[in-house]
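Accompanying notes for the structure given below.
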Amino acid sequence: MGAGIVEVFARNGVDVVAVEISPDALARGRATLTRSTDRAVARGKLAEADRDALHARVDFQVGLDALHAVDLVVEAVPERLDLKRRIFAELDRICRPDTILATNTSSLGVTDIAVATGRPHQVVGLHFFNPAPVMKLVEVVRTVVTAADVVADVEALCARLGKVGVTIGDRAGFIANALLFGYLNQAVGLFEARHVTREDLDAAMTLGCGLPMGPLALLDLIGLDTAYEILNTMYRHGGRNRRHAPTPLIRQMVTAGLLGRKTGRGFYTYDKPGSAKVVPDGSTPTAAADDVPGTTAVATVGVVGSGTTAADLAAVFAAAGHQVVAVGADGPAGTAGAVRAALDEDVTRDRRDATGRDAALARITWADALEQLADADLVVEATAGELDATRALFARLDEVCKPGVLLATASSALPVIDLAMATSRPADVLGLHFCAPVRVRPLVEVVTTVRTSTEATATARAVCAALGRTTLVCADRAGLVVDALLFPYLNDAVQMLEAGYAGVDDIDHAMTLGCGYPTGPFALLDAVGPDVALAVQRALYRESREPGLAPAPLLHHLVTAGRRFREHAGR
Ligand SMILES: NC(=O)c1ccc[n+]([C@@H]2O[C@H](COP(=O)([O-])OP(=O)(O)OC[C@H]3O[C@@H](n4cnc5c(N)ncnc54)[C@H](O)[C@@H]3O)[C@@H](O)[C@H]2O)c1
């Protein structure tokens with residue numbers, strides 16, 4: 001972080017004294033800066049002359065004494081309160097009386113650090129995000145004693161650096177980390193419980209949610225030691241929220257020296273310490289693992305339902321060359337209209353041409369009775385019904401479908417095993433959860449129950465691969481992988497809003513500009529609907545009884561009042 005922050009200042013014309021603890025550490029820092037600026041030059045983002053001018057602005061020094069004449073100090077030493085307090089006490093002695101002292105801490109109390117000096121009114125948090133030269137956000141943390149003019153100066157500086165400063169109070173994890181680390185920690189928990197593999201977990205969040213990195217790859221970038229300290233501090237000083245209690249695996253990896261990219265090994269293995277290049281290791285999946293004998297050929301696909309998901313699925317399967325039998329509750333006409341609209345939209349958005357659309361439509365048979373699924377090789381239920389109605393539907397499918405057919409639900413909300421046990425062939429029943437929007441997102445969660453056969457799973461994966469989709473195989477649990485990680489994070493954001501710590505826009509900015517998320521939590525909640533979020537969160541809480549997963553009261557209130565977060569913010 002120190003090297004990244006040096007780069008941000010020097011790039012924007014500010015002279016920097018870069019201080020490390022030893023000549024070796026200083027050489028490492030200088031090498032990090034050189035690597036980063038050389039990469040920027042190679043990518044055409046920085047002219048060679050500007051890189052040289054940038055380096056000329058940096059004075060590399062060992063020891064804090066070199067900071068005696070600076071206007072501002074940004075501290076970025078390891079995340080330990082005793083160390084930071086010691087350094088701030090020393091800086092207070094060394095620096096000019098008017099120098100502003102800032103900490104880049106991610107989770108420690110800025111107030112606790114400030115009171116180690118004789119100038120707590122001149123101490124602020126200046127929390128940059130990793131990688132500092134790229135991420136636009138800076139959280140400016142004001143304590144109860146920080147002077148208003150100091151905050152104003154630091155805000156102006158952020159603008160000069162081309163950053164968006166969001167000013168907030170001193171609370172463990174501030175905005176972004178308080179929301180990010182609960183999610184990262186939960187992801188490690190899913191991995192530790194072998195609920196999902198390393199690669200599948202990361203694919204879930206990049207391909208299923210559009211996040212820039214998967215949680216395990218991100219933890220390797222942050223550093224497991226830093227992540228552990230951040231979680232531990234947030235847990236102890238942030239109200240002992242169990243979502244922040246570090247998952248035991250993180251501690252074990254830190255003890256074993258598996259700190260992530262910086263040591264060349266973390267959740268993944270890298271070609272050398274400090275490198276971003278992942279190399280195969282003992283956990284890397286092999287192609288042979290996909291080779292399961294006994295997969296069934298799927299030519300005809302039945303799609304049951306008349307909502308958006310059903311229409312999208314019929315469009316996707318037909319466009320990929322399958323014969324499709326679409327059974328809609330409101331008869332052939334209603335279903336056909338929705339599928340046609342989906343395929344028309346694909347043409348408008350250049351995802352396929354008009355000939356492809358017409359060929360796809362010609363492959364669809366519109367039906368209004370389940371009996372017409374007698375020849376299907378795969379049936380996907382997408383009725384969005386309640387459990388009892390869907391169980392009854394699976395019992396009917398069991399009667400009308402030929403033996404060996406794969407029976408799937410597109411739901412992520414119903415326990416698949418309950419549907420499987422409504423049939424006489426539970427080995428052939430699984431979940432196929434296409435992440436929304438179905439025609440766009442490339443990920444399908446293949447949900448296996450304790451009774452699903454390996455052949456059925458392999459067939460499902462082969463069918464999805466032929467659609468050009470990536471699959472991940474996961475256990476039959478509330479929220480599967482994507483929703484189980486996404487919705488609790490959204491719920492955490494609602495709790496933060498409810499606590500009055502930050503507003504809708506600041507929280508959305510923190511996640512888009514600080515973490516590179518495509519959408520902020522409130523924009524996303526409004527898009528999926530607070531009612532949907534509440535239903536998923538309730539299911540997660542019901543299954544786990546984890547207090548940290550209890551739906552936020554504000555979410556419940558907005559659903560009851562029929563309002564969205566944007567309207568609530570504009571009151
Ligand atoms: N890693 C992230 O993604 C991230 C993001 C935002 C903020 N932060 C915060 O930034 C700070 C640093 O984190 P990091 O990941 O860069 O840690 P790091 O361990 O990679 O770097 C810390 C550096 O501080 C140096 N150091 C230790 N004692 C020193 C001293 N007495 N004087 C001068 N230098 C000293 C070390 O040599 C090391 O190079 C922490 O407070 C962390 O919470 C980290």
Side-chain angles (χ1 to χ4, degrees), residues 106-107 109-110 125 127 129 135-144 164-186 209 211 230-231 234-235 237-244 479 483-541 546-571:
S106 306
S107 57
V110 178
H127 184 229
F129 286 78
M135 304 315 293
K136 279 260 169 273
L137 184 80
V138 176
E139 288 173 324
V140 176
V141 184
R142 172 181 47 198
T143 73
V144 285
V164 175
V166 169
T167 303
I168 40 179
D170 187 15
R171 187 173 126 153
F174 315 125
I175 300 177
N177 280 347
L179 297 181
L180 176 69
F181 275 82
Y183 144 74
L184 293 177
N185 196 37
Q186 191 194 350
C209 271
L211 302 191
I230 292 172
L231 280 167
M234 286 199 299
Y235 176 69
H237 300 288
R240 302 207 174 250
N241 178 351
R242 278 175 50 90
R243 280 180 60 70
H244 293 148
D483 288 358
L485 289 174
L486 177 65
F487 283 89
Y489 142 75
L490 298 176
N491 191 53
D492 288 348
V494 180
Q495 276 171 357
M496 183 179 277
L497 178 71
E498 195 166 22
Y501 180 59
V504 162
D505 288 336
D506 283 350
I507 296 175
D508 274 0
H509 277 146
M511 299 318 287
T512 53
L513 304 177
C515 302
Y517 281 28
T519 330
F522 294 107
L524 189 57
L525 276 162
D526 281 349
V528 297
D531 53 337
V532 173
L534 181 63
V536 176
Q537 199 59 33
R538 276 191 176 140
L540 291 171
Y541 179 58
E546 267 295 331
L549 297 184
L554 177 62
L555 183 58
H556 180 85
H557 294 167
L558 287 193
V559 173
T560 309
R563 294 188 70 145
R564 302 207 166 224
F565 284 93
R566 188 62 45 199
E567 297 164 275
H568 177 65
R571 275 179 316 160

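The existence of a salt bridge linking R563 and D526 is excluded, since no basic side-chain nitrogen approaches an acidic carboxylate oxygen closer than 4.0 Å.
The closest side-chain heavy-atom distance from P518 to T512 is not below 4.5 Å. Looking at N177 and S107, their side chains never come closer than 4.5 Å, going by heavy atoms from C-beta outward. Proximity of V164 to M135: side-chain heavy atoms (C-beta onward) are nowhere separated by under 4.5 Å. The shortest distance between side-chain heavy atoms of N185 and R243 does not fall below 4.5 Å. Using a 4.5 Å heavy-atom threshold, the side chains of F565 and L554 count as touching. Using a 4.5 Å heavy-atom threshold, the side chains of H556 and R538 count as touching. Proximity of L524 to L486: side-chain heavy atoms (C-beta onward) are separated by under 4.5 Å at one or more points. Contact of the N241 side chain with the M234 side chain is not registered, since no non-hydrogen atoms from C-beta on lie closer than 4.5 Å.
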- request: Check step by step if side-chain contact (heavy atoms from CB on, under 4.5 Å) holds for F181 and D492.
  value: CA-CA 11 Å; F181 275 82; D492 288 348; over 6 Å; no

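Checking side-chain atoms of E546 against main-chain N and O of R242 turns up no donor-acceptor pair under 3.5 Å. The backbone N or O of A178 sits less than 3.5 Å from a side-chain atom of H244, completing a donor-acceptor pair. Between the side chain of E139 and the backbone N or O of I175 there is at least one donor-acceptor pair closer than 3.5 Å.
The two atoms that bring V504 and A569 nearest to each other are CG2-CB, 3.7 Å, heavy atoms only. Here the shortest heavy-atom pairing between Y501 and G169 reads OH-O, 2.6 Å. Residues V140 and G165 share a closest heavy-atom pair of CG2-CA, 4.5 Å. Nearest heavy-atom pair across V141 and D170 is CG1-CA, 3.6 Å. When all heavy atoms of L540 and L549 are compared, the closest pair comes out as O-CD1, 4.2 Å. Taking each heavy atom of Q495 and A550 in turn, the nearest pair found is NE2-O, 3.7 Å.
For the atom pair CG (N491) and OH (Y541), the distance works out to 11.5 Å, reported to the nearest 0.5 Å. Atom CG of D483 sits about 7.5 Å away from atom SG of C209, to the nearest 0.5 Å. Rounding to the nearest 0.5 Å places CG of L490 at 9.0 Å from CG of L555. Put simply, NE2 on H557 and NE2 on H568 are 10.5 Å apart, with the number rounded to the nearest 0.5 Å. Taken to the nearest 0.5 Å, the CG atom of D505 stands 10.0 Å off from the CZ atom of F522.
Aromatic ring pairs are classed by plane angle as parallel below 30°, tilted from 30° to 60° and perpendicular above 60°; the pair Y183 and Y489 is tilted.
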